[in-house]
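Following: one structure in structure tokens, then a few remarks.
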Amino acid sequence: METKRIATEREYNDALTRIDQLFDAPSGSQEALELDELALAVNQYEEKHYPIEEPDPVEYIKIRMEEMSMKAADPRLPSPQ
């Protein structure tokens, strides 16, 4: 199978639809290989057209604490020294 680059938003949306159809493909099958190829192409397209900036480290910690339902005074957190 030849890796195809995604060049347009239409191709991107078509690839996402196809990925959804192939999501439960049996490992090692032709469909699973197609799924892998599409996932790589979609990832490349998204990195170029929808880049995600790295969060500020402090903001990342706050987000992670919120995900874990933690507060700044949580005893699970190490105390500042």
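Residue numbers start at 1 and run along the sequence shown.
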Query raised in the report: Relative to each other, are the rings of Tyr12 and Tyr50 parallel, tilted or perpendicular (30° and 60° limits)?
Result: tilted
**Report entry** Partners passing side chain to side chain contact (heavy atoms under 4.5 Å, CB included) against Thr8 (at least two apart in sequence or in another chain)
**Finding:** Arg10, Glu11
Report summary line: On a heavy-atom basis, the closest approach of Ala32 and Ser27 is CB-CA, 4.3 Å
Query raised in the report: Residues two or more places apart in sequence or in another chain: which of them pass side-chain hydrogen bond (donor to acceptor under 3.5 Å, both in side chains) with Asn43?
Result: Glu47
**Report entry** Approximate separation, where rounding is to 0.5 Å, of Asp14 CG and Glu9 CD
**Finding:** 10.5 Å
Query raised in the report: Do Glu37 and Lys4 come close enough that some side-chain heavy atom pair is under 4.5 Å?
Result: no
**Report entry** Pairing residues for Glu66 by the side chain to side chain contact (heavy atoms under 4.5 Å, CB included) criterion, not counting sequence neighbours
**Finding:** none
Listed pairs under 3.5 Å, donor-acceptor, residues 53-60 side chains, sequence neighbours left out:
{"residue": "Asp56", "atom": "OD2", "partner": "Val58", "partner atom": "N", "Å": "3.2"}
{"residue": "Asp56", "atom": "OD2", "partner": "Glu59", "partner atom": "N", "Å": "3.3"}

List the atom pairs, donor and acceptor, that lie under 3.5 Å between side-chain atoms in residues 15-25 and the rest of the protein, sequence neighbours left out.
{"residue": "Thr17", "atom": "OG1", "partner": "Asn13", "partner atom": "O", "Å": "3.1"}
{"residue": "Arg18", "atom": "NE", "partner": "Glu34", "partner atom": "OE2", "Å": "2.9"}
{"residue": "Arg18", "atom": "NH1", "partner": "Gln21", "partner atom": "OE1", "Å": "3.1"}
{"residue": "Arg18", "atom": "NH2", "partner": "Glu34", "partner atom": "OE1", "Å": "3.1"}

Query raised in the report: Which value, rounded to the nearest 0.5 Å, describes the distance between Ile6 atom CD1 and Lys48 atom NZ?
Result: 12.0 Å
Requested in this report: Taking the side chain as every heavy atom from C-beta outward, state whether Arg64 and Met68 have any pair of such atoms under 4.5 Å apart.
Outcome: yes
